[in-house]
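So the structure is just underneath, and the comments pick up after that.
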Amino acid sequence: MLSRTVGACLGTWLLYLSVALQLPAMGQTDDLAQTTLSGEVQLARLVDLSAQRLGLKIEYDARTLQGVAVTLRLGAAVSDEQLWALTNQLLAARGLTSIQMPGNEVLSIVKLSEAAGTARIEPSIPPTTIAGFATVILDLKHRPAKDVIDAVKPIVSRPGGSVIALGDEQRLLLSDLRPRIDQILKLIKLIDIPGADTIIRQIHSQYLNATQLAALVTAAATARNAIAVKPLIGKLSPVPDGNAVVLVAPQDEVEPWLELIGRFDQRQTVETRSYAPRYFSIAEVGRLIEQTARDPGPRGSADRWRLVSDELTGTLIVTATASEHEQIDDLIERLDSVPVEARRPVRAFPIRNRSVHEIMEVLSSLIEAGVLHAGEFRPRLRHDEQSSPQRTEREVLPPGVIAEPMATQEQRRAPEAEERPYGPGPPRTEAEPSLILTADEGTNTLIAIGDARRLDQLQELIRTLDVRQPQVMIEVLMVSMTEGDTLDLGVELERMGISGSTLITLSSLFGLGAAGVDQVTSPAGRGFSGFVLSPGDFRVLIRALQTVNDGRSLNIPKVLVNNNQQATLDSVLQEPFLATNASDTIATTSFGGTQDAGTTVTVTPQIAEGDHLTLEYSVSLSSFVGESSDPSLPPPRQQNTMQSVVTIPDGYTVVVGGLEVESAAEAVSQVPLLADIPFLGELFKSRSKSRSRSRFYVFIRADILRHGGFEDLKYLSDLDVLAAGVDDGWPTVEPRVIR
């Protein structure tokens, strides 16, 4: 032990002596300062010497360096920088290094494994610190951090060195020994160079689906790279819509990719196959195949597609591509695997615009006409009566079931293809109706049970029948005009005389006044009257009356009617009459009834194409033309009727006129012989002339109301309410001045 201590002290003394011999004189530059080292030297003394020569402030734990000796055989003097580099190299070889902590100018000797966590981050690259260990932040320009980290990780010092990516993909945090940092920076400089120009191109696939094309081309490129000297760089991805692929590759690699894509994007071949649906009609299945399996684009069969329905064999002959045949196979398999109960589903059809009973009546008519087949009901024999073909029992149907009559013997002998409307497959063995209809009045719903084909046919019929019909506003203007002219002119004479005991009276009377010369009152009646009376002698009465009548009656009723429904407008006067019941003993009189006279208008609108209406109308005008000859008989009545069918535009008016009655009468009451005397005969006459004329016109206007929210009807109703002066109940909105 003593000899080792003495040797160490001697070595230190020789080191200091050699250093002292090489110290530069006053005024010499630092570049000439060199140190010659040889022999065994304590590492702590080497650190102290470096601090002395370079003027460094170094702190370390003496226990860490105590007893650590190194043997140097350099053969030549070293500069101060070389001395410090040698010291750091010796420290690193023993798991130590020198660092400069943040905010401290003193260098510290620490363990190499702890240096990355305590060394400060240098502000420049390369670092300006003289510490043996440094941490720097490196910004990359061209390559991502992941690629650079993978390249430099193998040369990072262990255990103290580290390289990690910061939040930005183009930034690294590098911690390592100074010499190793210099090497890493040189390597990064070689790696971080601009790459080849990357092209992103969207390539439309013409014949294959984008997913299939991308998978095929990618698999071919992978197989090529496994055997080729130069790999094909790039990536091919399908577009979500399946019509194109996206190529990401360097500029010089685009052409090989395009060539590879062109080899696989070829038109598919077509082949012809036959399909036989088991449970559904080939027409329905054929339409379903057309809608779901056929690809009309260039990737499908396009103009080469062909579908033939073979009614004789109940098969579908399809010419299509392989991918289209795969879809057809899946569809046929799904249809054939439908369970029995699903082949006769239950559907509810809400009837929204008409009565469900009206729809049921229409469907019943179609079934009776053979348009909609409700199925065949065959008689089912009871078990104990099967030996007697004459005794049969009809199957009892539930309420609401509509069925066709049982098939005749000739129909039952029809070919199998007619008995099995669903194509090939086992014929029906049970007498089940293919369509059962039930009406629910509460919800106005039609419930149908049957196979899918019948229900689809029923759905199309209901869609056509259950539509909200537009309404028609019928406005009728009835005008009645009458004209009349009556002239009455007459003279009455009366002479009374007494000859002895005989009273003589001579008169020409026409009912103008009362008989008897003893009447001194004026005659009753209207018009011009002249009365000359000599009581007991004679009487003269002259009367002249002309009556002119000119009347006009206007009636404007309105009625709202649905399309194809009848609207009726009546204005009728009822005249009662008596009925006499005579027997052998007594005769009784009772109410015999009424006789109607007036105006009746019926209109049935039908909305045609192009907002035209077809109006079927009937106008009936009746009136009493006189008094009844007997109370037990109704008065005489005259009736005129016009009816027709016309087509008019929406909102226009059809004029029904010309119901005109004109009558003229002239009557003369006279005394025979005396009235024939010229001029004087006028005193023995009573003249009556009458002329009457009545005209009746009907104007029918029709407006179609189509608005789904009945806004047109509300507008017309508001106009009528306003014209009638009726309060509509809405609050009055008045302006208000806000100050």
Inset, instruction - Go through the steps to decide whether Val245 and Val217 satisfy the test side chain to side chain contact (heavy atoms under 4.5 Å, CB included), and finish with yes or no. - result: CA-CA 11 Å; Val245 292; Val217 174; over 6 Å; no
Legend entry - Test item: Asp440 side-chain N/O and Thr445 main-chain N/O as donor-acceptor pair under 3.5 Å: no
Inset, instruction - Apply side chain to side chain contact (heavy atoms under 4.5 Å, CB included) to the pair Val47 and Leu65, showing each step before the final yes or no. - result: CA-CA 9 Å; Val47 172; Leu65 302 179; 4.2 Å; yes
Inset, instruction - Decide if atom CG of Leu190 counts as having more than 12 heavy atoms of other residues, nucleotides or ligands within a radius under 6.0 Å. - result: yes
Legend entry - Distance in Å, Ile109 CD1 paired with Ile58 CD1, rounded so as to fall on 0.5 Å steps: 5.5 Å
Legend entry - Greater than 12 external heavy atoms within 6.0 Å of Glu290's CD: yes
Legend entry - Side-chain touch Tyr60/Asp48, heavy atoms, less than 4.5 angstrom: yes
Legend entry - Side chain to side chain, Leu216 and Leu208, heavy atoms closer than 4.5 Å: yes
Inset, instruction - Look at Asp150 together with Lys146 and state whether they make a salt bridge at an N to O cut-off of under 4.0 Å. - result: yes
Legend entry - Short side-chain to backbone donor-acceptor contact, Gln266 and Gly262, under 3.5 Å: yes
Legend entry - For the student: nearest non-hydrogen atoms of Phe133 and Thr135, plus distance: CE2-OG1, 4.2 Å
Legend entry - Contact check, side chains of Arg352 and Asp466, non-hydrogen atoms, under 4.5 Å: yes
Inset, instruction - May I ask you to decide if His707's main-chain N or O and Asp712's side chain share a donor-acceptor pair within less than 3.5 Å? - result: yes
Inset, instruction - Without swapping roles, check the side chain of Ser205 against the backbone of Tyr207 for a donor-acceptor pair under 3.5 Å. - result: no
Inset, instruction - Return yes if some donor-acceptor pair links the side-chain N/O of Thr218 with the main-chain N/O of Ala215 below 3.5 Å, else return no. - result: no
Legend entry - Minimum-distance pair of heavy atoms, taken over all atoms of Ser157 and Asp176: OG-OD1, 2.6 Å
Legend entry - Residues Arg273 and Glu271 bridged, charged N to O under 4.0 Å: yes
Inset, instruction - Hey, could you give me the CG/CD distance between Leu213 and Gln206, rounded to the nearest 0.5 Å? - result: 10.5 Å
Legend entry - Audit row: Arg94, Leu90, side chain to side chain contact (heavy atoms under 4.5 Å, CB included) steps and yes/no: CA-CA 7 Å; Arg94 285 149 181 83; Leu90 295 174; 4.2 Å; yes
Inset, instruction - Step through the shown structure and confirm whether more than 12 heavy atoms of other residues, nucleotides or ligands are within 6.0 Å of CZ on Arg706. - result: yes
Legend entry - Main-chain N/O of His142 paired to Asp192 side chain as donor or acceptor, under 3.5 Å: yes
Inset, instruction - Side-chain contact test, heavy atoms from C-beta onward, threshold under 4.5 Å: evaluate it for Leu83 versus Arg53 and give yes or no. - result: yes
Legend entry - Gap between atom CZ of Arg178 and atom CD of Gln89 - 0.5 Å precision: 14.5 Å
Inset, instruction - Say whether Thr87 and Ser50, considering side chains only, have a donor N or O and an acceptor N or O under 3.5 Å apart. - result: yes
Inset, instruction - Check whether any side-chain heavy atom of Leu112 sits under 4.5 Å from a side-chain heavy atom of Leu96, and report yes or no. - result: no
Inset, instruction - Taking all heavy atoms of Leu307 and all of Gly286, pick out the closest pair and write down the distance. - result: CD1-O, 4.0 Å
Inset, instruction - Can you establish whether the number of heavy atoms outside Arg158 located under 6.0 Å from its atom CZ is more than 12? - result: yes
Inset, instruction - Mind checking the OG-CD spacing from Ser108 to Gln100? Nearest 0.5 Å is all I need. - result: 9.0 Å
Inset, instruction - Supply the atom-to-atom distance Ile317 CD1 to Thr272 OG1, rounded to the nearest 0.5 angstrom. - result: 8.5 Å
Legend entry - Glu324 side chain to Thr321 backbone, donor-acceptor under 3.5 Å: yes
Inset, instruction - Check Ser237 against Ala214 and note the closest heavy-atom contact, atom names and distance. - result: C-CB, 4.4 Å
Legend entry - Spacing of Ile184 atom CD1 and Ile155 atom CD1 [to the nearest 0.5 Å]: 5.0 Å
Legend entry - Working for side chain to side chain contact (heavy atoms under 4.5 Å, CB included), residues Ile191 and Asp147: CA-CA 9 Å; Ile191 298 175; Asp147 295 346; 5.8 Å; no
Inset, instruction - Tell me yes or no: between the side chains of Thr222 and Asn225, is some donor less than 3.5 Å from an acceptor? - result: no
Legend entry - Within-4.5 Å side-chain heavy-atom neighbours: Leu54 and Ile130: no
Inset, instruction - Check Ile137, Leu140, Leu138 against Arg171 for a side-chain contact (heavy atoms from CB on, under 4.5 Å) and give me the one that passes. - result: Ile137
Inset, instruction - Taking the side chain as every heavy atom from C-beta outward, state whether Val156 and Arg180 have any pair of such atoms under 4.5 Å apart. - result: no
Inset, instruction - Scan side-chain atoms only and decide if Ser98 and Asn88 contain a donor-acceptor pair under the 3.5 Å cut-off. - result: yes
Inset, instruction - For atom CZ of Arg306, decide whether the heavy atoms of other residues, nucleotides or ligands shown that lie under 6.0 angstrom number more than 12. - result: no
Legend entry - Expected output: side-chain Ser79 to main-chain Gln82 donor-acceptor under 3.5 Å: yes
Legend entry - Sidechain N-carboxylate O distance under 4.0 Å for Arg120, Glu122: yes
Legend entry - Flag if over 12 foreign heavy atoms under 6.0 Å of CD, Gln202: yes
Inset, instruction - Please indicate whether Glu105 has more than 12 foreign heavy atoms, meaning atoms of other residues, nucleotides or ligands, lying under 6.0 Å from its CD. - result: no
Inset, instruction - Could you tell me whether a side-chain N or O of Asn243 sits under 3.5 Å from a main-chain N or O of Val239, the two making a donor and an acceptor? - result: no
Legend entry - Side chains of Val248 and Leu236 in contact at under 4.5 Å (non-hydrogen atoms): no
Inset, instruction - Can you see which heavy atom on Ile149 is nearest to which on Ala165, and at what distance? - result: CD1-N, 3.6 Å
Inset, instruction - Identify the heavy atoms of Ala249 and Ile233 that sit nearest to each other, and give their distance. - result: CB-O, 3.6 Å
